[in-house]
There are 2 protein chains.
Amino acid sequence: MTQPLDPDMFDPICPSTLSPFRIGDKWAGMIIRCLEHGPRRFSELRIPLRGITAKVLTKSLRALERDGLVVRTAHAEPVRRVEYDLTPLGRSMLGPIAAMCAWAEQHWDELLDAREESLSLDRTG
Amino acid sequence: MTQPLDPDMFDPICPSTLSPFRIGDKWAGMIIRCLEHGPRRFSELRIPLRGITAKVLTKSLRALERDGLVVRTAHAEPVRRVEYDLTPLGRSMLGPIAAMCAWAEQHWDELLDAREESLSLDRTG
DNA sequence: CTGAATCCATTTGGATACTG
DNA sequence: CAGTATCCAAATGGATTCAG
């Protein structure tokens, strides 16, 4: 029932590193957002997470599991199939995460301006 | 007028790494909270930031400055005196930060439980 | 398909010594 | 006092190869 993940859900151009907020490791925040609308398979997560390697995705997922934010379910089927889903605890993070994103969106221009200004100061001053 | 910073303002026992949220680098979040009630001097910041080296504190402050979250003011006086203060942009982060802290406080036990359980699973399973 | 294993470059943070 | 300069260990993330 859940829609497939948009491959462009995370704009590769947009320097999200601009946001001072971070969730866990480099990918954790994006993974959580990928799970927002229901469980996802390992290979499914790799689509929007452009170019993440299996090793890194595994490590990130294991960390989320260890912290009780995500559950892993291995389905016994002819073709191997593993799904990851948010726990209630993980889901409870969506609110704060949305607040962080709202702040970042709201202050994006100021952040960009500050960086540009500091760059020009480096050059001229 | 501002009170001196509490040296124990950040409990060294409490594993704040437990919180999945992070602001900038390792120290940025704590620095911002230190500046909540007014400007602070370089050496003043080092008190609650137990054992931070001058180099690391400088680097962290420069990053906050570059992002427009903090301003640095060097006062021309007999004794050298430099103060750091939050910009309006930096101050606007206090809300989201408080939300993150509230979430962490509220779910602390669940986070601890999840870690402990994953540890015991490592041992037994 | 869902990883694990190995190797490697970069980044991060800290220890220490020195300076205007 | 408020840094800077060097050196260094550990962590992070990625590339590549292999496996059940």
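Here the structure is a predicted model, which is why all the values come from computation and not from measurement. Residue numbers start from 1 in every chain, and the chains themselves are labelled A, B, ... in the order their sequence lines are given, proteins ahead of strands.
- We find that CZ of B:Arg81 is positioned 9 Å from P of D:dA2, with the value rounded to whole Å.
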Hey, what are the protein-to-nucleotides 8-13 of chain D N/O distances that come in under 3.5 Å?
residue: D:dG13; atom: OP1; partner: A:Arg22; partner atom: NH2; Å: 3.3
residue: D:dG13; atom: OP1; partner: A:Lys26; partner atom: N; Å: 3.0

Could you give me the CA-CA distance, side-chain angles and deciding distance for B:Val71 and B:Glu65, then say whether side chain to side chain contact (heavy atoms under 4.5 Å, CB included) is met?
CA-CA 6 Å; B:Val71 271; B:Glu65 233 189 312; 5.8 Å; no
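- Whole-Å rounding puts the A:Arg80 CZ to C:dA4 C1' distance at 10 Å.
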Determine, stepwise, if the pair A:Arg115 / A:Leu18 fulfils side chain to side chain contact (heavy atoms under 4.5 Å, CB included).
CA-CA 9 Å; A:Arg115 292 241 176 156; A:Leu18 207 61; 3.5 Å; yes
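- When the P atom of D:dT16 is taken as reference, atom CD1 of A:Ile52 falls 16 Å away, rounded to whole Å.
- Taking atom CG on B:Leu61 and atom C1' on D:dC1, their separation rounds to 14 Å, with Å as the unit.
- With hydrogens and angles ignored, the 3.5 Å screen pairs a side-chain donor or acceptor of B:Thr58 with a backbone N or O of B:Ala54.
- Within the 4.5 Å cutoff, the side chain of A:Asp67 has no heavy atoms near those of the B:Pro20 side chain.
- Residues of residues 35-44 of chain B having a heavy atom closer than 4.0 Å to DNA chain D, listed by number: B:Arg41, B:Phe42, B:Ser43.
- A donor-acceptor contact shorter than 3.5 Å is absent between the side chain of A:Ser60 and the backbone of A:Leu57.
- Using a 4.0 Å heavy-atom cutoff across all strands shown, A:Arg72 reaches sugar-phosphate atoms only and no base atom.
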Trace of the side chain to side chain contact (heavy atoms under 4.5 Å, CB included) decision for B:Arg50 with B:Asp8:
CA-CA 9 Å; B:Arg50 303 241 171 218; B:Asp8 297 324; 2.4 Å; yes
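- Backbone-only engagement by B:Arg62 is indicated by non-hydrogen atom pairs under 4.0 Å involving sugar-phosphate atoms exclusively.
- Counting to the nearest Å, the C1' atom of C:dG13 and the CD1 atom of B:Ile31 are 13 Å from each other.
- Ion pair A:Asp25/A:Lys59 not flagged as a salt bridge, since none of the NZ, NE, NH1 or NH2 atoms sits closer than 4.0 Å to an Asp/Glu carboxylate oxygen.
- D:dA2 atom C1' lies 15 Å from atom CG of B:Leu49, rounded to whole Å.
- Looking at the side chain of A:Thr53, the nearest of the listed nucleotides D:dG3, D:dT16, C:dG3 is D:dT16.
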Apply side chain to side chain contact (heavy atoms under 4.5 Å, CB included) to B:Met100 and B:Ile23, showing your working.
CA-CA 10 Å; B:Met100 289 171 27; B:Ile23 321 275; 3.6 Å; yes
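- Residues in residues 19-43 of chain A take part in these ring-ring contact (aromatic ring centres under 6.0 Å, His included) pairs, two or more places apart or across chains: A:Phe21-A:Trp103.
- If you take OH of B:Tyr84 and P of D:dC1, they are 14 Å apart, rounded to a whole angstrom.
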